[in-house]
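Structure first, then comments.
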Amino acid sequence: REQTLLQFHITVDLDLPASSTSEGAVRAVLACNVDMVKSAFLLTGLTTFAHGQSPAGNSECPCLIADYFEYHDNLETAADFEKKVGASIDPQQYGIGCSAHDADAHHCSDANDCTLIVPLPPECDKSYCKRSWCFVDPDDCSRLHNPSTIFKNRHYSYATCGELDSFTHTERLRHLRDRTFQVGYGSNSGGWKGAYNPAGSFAINDQWTGPTVDFIRSAALEGGFYINMTQPPEWLRNNSQEFFGNSNFDFCVYAVSLGYLDFCVGSFSINEKRSSVTTMFELTNDPVYLITYVDGSGRKTDWESFSTAAVTIFQPFTAMAWIMIFVVCLPLLGMLMFFHEYGAPGSAYPRNEPVLVERENAHGRTSTKLINRPIPLATHMLNSLYMGILSFFQGSYDQSVVSVGGKLNLLAIASFIMLILAVYTANLAAILTQDANKTSVDSIEMAVKQGMNFCAERKIAKIAMESFGVDPSKIVPDPIELGGDGQPGFNCPKCNARERIFDNMRQIHNDPLQYCNVAIASEEDLDTLHQSRDHCDKTKIGESIAYRSVGIPIYDDKDADALVSLFHKTKADGVMTATLAAARPKSQCPETGGEGSALNIQQLTGVWIITFLFASLALLVRFMPCPMRCIGCNKVRNTDIRKDRKVPLHRYDQWGNAPPNSVVVEGYRYDAETNELQEVNLGAAPPLAQSFSIKSSQYDFDCIVEEEVHNDECA
């Protein structure tokens, strides 16, 4: 009652019996519903009074009184006031003292239901209808105030009454509707977060794509305004180059700052110079990383890289472990198998073998004879060693074992091979995947300590020099021959600086004025290259070392605040996040880390060496002269016999097992079951599926199949 300017109405819907509707009963109900009473105060716009705010406003921005306007004849006529505000409002009290003066105004008569929510949501278009404000003297107000849109030469302030100025925000957004803005589009040369057009910057067509373009399109639909693609006046370019440089993006910022464009669309780096001439709305932050080679061999020569890769397959075990496996365990287990199986009936290590002896006497006549010849122990020992090593590489010991001791020894061999191969495989996989992710440096400080030089764009080079103390001489300069200025960092307009950073990286080089060991670049540039399978041997290191703020320039006029408010609202609604997520490129490079990662050819160098080494030895033995490789081709002489030639009749495969095909030697087929020779008709070659022929040191028995039997070479 003491505050005569305070007027409010509280409507309470009570469900009470008729007998209890006295004044005391109502007071009792209100006393028990304190929250409801507080809500009623909030709904009438008197929240500030509840916190002790004076209805006359803040002392540093006092509300005007009615007497003020008696000496300032700037009030509209009664008819104009009624048209703009409403007939139910007293023009002499409108805007006098802190109050929700627009609560009953006709422009608030269609207030939507959001004004009934407590507290009032800031996004409610008509929330200002319930907020307190008053007219203020702009020369006597240090709080936020704005010129009236209804009355001339009057200023209002919500801030002096402790309220948010949602009216200005709402009016700003409403002012954008049906407006047409002159907009320049800049085509980014790299990355994927900006604006892109195959025709380049300032192209006027419908081929513009990119997250920034989608964001502006969504904002235009939200704000209800139109965009007219416009090119900056070409005659401004020289002035822009004198102030900024040769960049088209600087040219667009320059045109915006002078009002020839309302704003520009693209991914514009926000720096001090651009921000000093016009408003820059920040769209996103692009992280900047140290970029190096993924294989960690940045300081190695070709021979060092080859030798490192060649020994990779041996890294799962130490040298002593390999010696223990191949010099002790495998030979010992093989010799033990020979010890158990030697001479056992049906074993792969018999004491004797049948041999066909061809004898030629002094008269030139030949005769054949079947004899049993003892097998040298050295032959079986070599075979057992071979079997042990072969079982390791094949992962199993498949030779026939007949003795009890041999079968138990086979368990020892099988368990040894299984465990060793399991440990080897797991350890090798871990080593290879670790090598795939290993890098030459792990921080920019380490790169500086190792004396590496850097590639970077000009604006990022400044960050490296100022924040990390990188010597300017360690940053590859802008190429003068391509229109650059020779200063640290690429800034030349025609050298495609964003890709040049990666193209000029070299693991080893002797030209620090052109090449670099590592780079400092934005993540989006590397993402774009990996999408096209370019520079897959390069990766980002650790955490981001800086963030590059990117946004769009906006002309500083009465529409700037409205556009900024709209862009903030669109961004807060998640539009920019959604467009970035939809446009994020997917790397097409082979995976180099994690479970199931792919390994490159160089990392498998040791595998190729071992494989082709054995293949080369096999070819060497195949083309070796027969006396050097023929085992058992013995020649015996006596007084009656000119010479004897002995040919073994048993043949064994790599596992020591008898082959499934018949053995034909000198026109005889040997029957192992009867230990007899059966003469074969040499008039026609036996079918290949039935038998095969062999070669000895003197005769090429393949001619039985390939050539006529009476051929001179076969005779």
Side-chain angles (χ1 to χ4, degrees), residues 269 285-309 311-312 315 430-479 484-491 497-527 529-530 535-548 589 592-593 600 602-603:
S269 296
N285 286 319
D286 188 28
V288 176
Y289 288 90
L290 180 68
I291 309 296
T292 185
Y293 284 89
V294 70
D295 59 2
S297 56
R299 310 287 292 182
K300 295 181 180 179
T301 63
D302 292 340
W303 169 250
E304 290 173 335
S305 299
F306 172 80
S307 59
T308 300
V311 300
T312 299
Q315 292 181 0
I431 291 173
L432 289 176
T433 52
Q434 288 174 2
D435 288 344
N437 286 329
K438 189 183 298 182
T439 57
S440 54
V441 294
D442 57 15
S443 66
I444 190 171
E445 291 82 4
M446 179 181 292
V448 172
K449 181 179 290 187
Q450 293 184 9
M452 294 183 175
N453 63 325
F454 301 81
C455 290
E457 284 187 276
R458 175 66 52 81
K459 50 185 171 291
I460 296 179
K462 291 180 179 179
I463 296 176
M465 291 184 292
E466 295 173 359
S467 302
F468 297 94
V470 177
D471 190 338
S473 64
K474 291 294 185 179
I475 299 178
V476 179
D478 200 23
D485 56 11
Q487 297 300 313
F490 300 145
N491 195 40
R498 299 181 73 163
E499 288 191 18
R500 184 179 179 85
I501 295 172
F502 301 93
D503 293 338
N504 283 36
M505 288 182 63
R506 296 291 187 274
Q507 297 184 6
I508 299 294
H509 68 84
N510 296 315
D511 188 359
L513 297 179
Q514 183 174 359
Y515 301 113
C516 58
N517 306 113
V518 294
I520 305 176
S522 65
E523 181 183 29
E524 66 166 329
D525 290 337
L526 187 62
D527 290 342
L529 294 171
H530 284 179
H535 297 283
C536 290
D537 57 343
K538 300 176 180 67
T539 185
K540 61 184 182 182
I541 300 300
E543 300 294 332
S544 60
I545 61 177
Y547 285 91
R548 184 171 64 98
C589 294
T592 56
N600 57 39
Q602 184 180 9
Q603 291 170 314

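Residue indices begin at 1 and follow the sequence shown.
- Asn504 and Gln514 get closest at one heavy-atom pair: ND2-O, 2.7 Å.
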**OP:** Assess whether side chain to side chain contact (heavy atoms under 4.5 Å, CB included) is satisfied between Ile545 and Phe468, documenting all intermediate values.
**Re:** CA-CA 9 Å; Ile545 61 177; Phe468 297 94; 3.7 Å; yes
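- In this view, Glu499 satisfies the salt bridge (Lys or Arg N to Asp or Glu O under 4.0 Å) rule with no residue, not counting sequence neighbours.
- Atom-to-atom distance recorded for Ile460:CD1 and Cys455:SG is 12.0 Å, nearest 0.5 angstrom.
- At least one side-chain heavy atom of Ile520 sits less than 4.5 Å from a side-chain heavy atom of Ile444.
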Original post:
Val448 and Lys474: side chain to side chain contact (heavy atoms under 4.5 Å, CB included), yes or no, with the steps?
Top reply: CA-CA 9 Å; Val448 172; Lys474 291 294 185 179; over 6 Å; no
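- Looking at Tyr289 and Leu526, their side chains never come closer than 4.5 Å, going by heavy atoms from C-beta outward.
- Here the closest heavy-atom approach between residue Ala546 and residue Ile463 is recorded as CB-CG2, 3.8 Å.
- Of the possible donor and acceptor atoms, one in the side chain of Tyr293 sits under 3.5 Å from a partner among the backbone N and O of Met505.
- The nearest pair of heavy atoms linking Val470 to Ile475 is CG1-CG1, 3.9 Å.
- Contact of the Phe502 side chain with the Leu529 side chain is registered, since non-hydrogen atoms from C-beta on lie closer than 4.5 Å.
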Original post:
Could you walk me through whether Val518 and Leu290 pass the side chain to side chain contact (heavy atoms under 4.5 Å, CB included) check?
Top reply: CA-CA 7 Å; Val518 294; Leu290 180 68; 4.0 Å; yes
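- Between Ile501 and Glu457 there is a side-chain heavy-atom pair separated by less than 4.5 Å.
- How far SG of Cys516 is from CG of Asp511: 11.0 Å, rounded to the nearest 0.5 Å.
- For the atom pair CZ (Phe490) and NZ (Lys459), the distance works out to 12.5 Å, reported to the nearest 0.5 Å.
- Judged by distance alone, the side chain of Asn453 and the main-chain N or O of Asn517 form a donor-acceptor pair under 3.5 Å.
- In this structure Glu524 satisfies the salt bridge (Lys or Arg N to Asp or Glu O under 4.0 Å) test together with Arg498, Arg548, sequence neighbours excluded.
- Shortest non-hydrogen contact noted between Tyr515 and Arg506 is CE2-NH2, 3.4 Å.
- Without hydrogens or angle criteria, His530 side chain to His535 main chain gives a donor-acceptor distance under 3.5 Å.
- A donor-acceptor contact shorter than 3.5 Å is absent between the side chain of Asp478 and the backbone of Gln487.
- In terms of the salt bridge (Lys or Arg N to Asp or Glu O under 4.0 Å) criterion, residue partners of Asp485 (sequence neighbours excluded) are, by chain and number, Arg458.
- Between Asp286 and Ser522, the closest side-chain pair of non-hydrogen atoms falls below 4.5 Å.
- Looking at Pro479 and Arg500, their side chains come closer than 4.5 Å, going by heavy atoms from C-beta outward.
- For the atom pair Asp525 CG and Lys540 NZ, the distance stands at 12.5 Å (nearest 0.5 Å).
- Closest approach of Gly489 and Ala461 over heavy atoms only: CA-CB, 4.0 Å.
- Smallest separation of non-hydrogen atoms from Gly486 and Pro477: O-CB, 3.3 Å.
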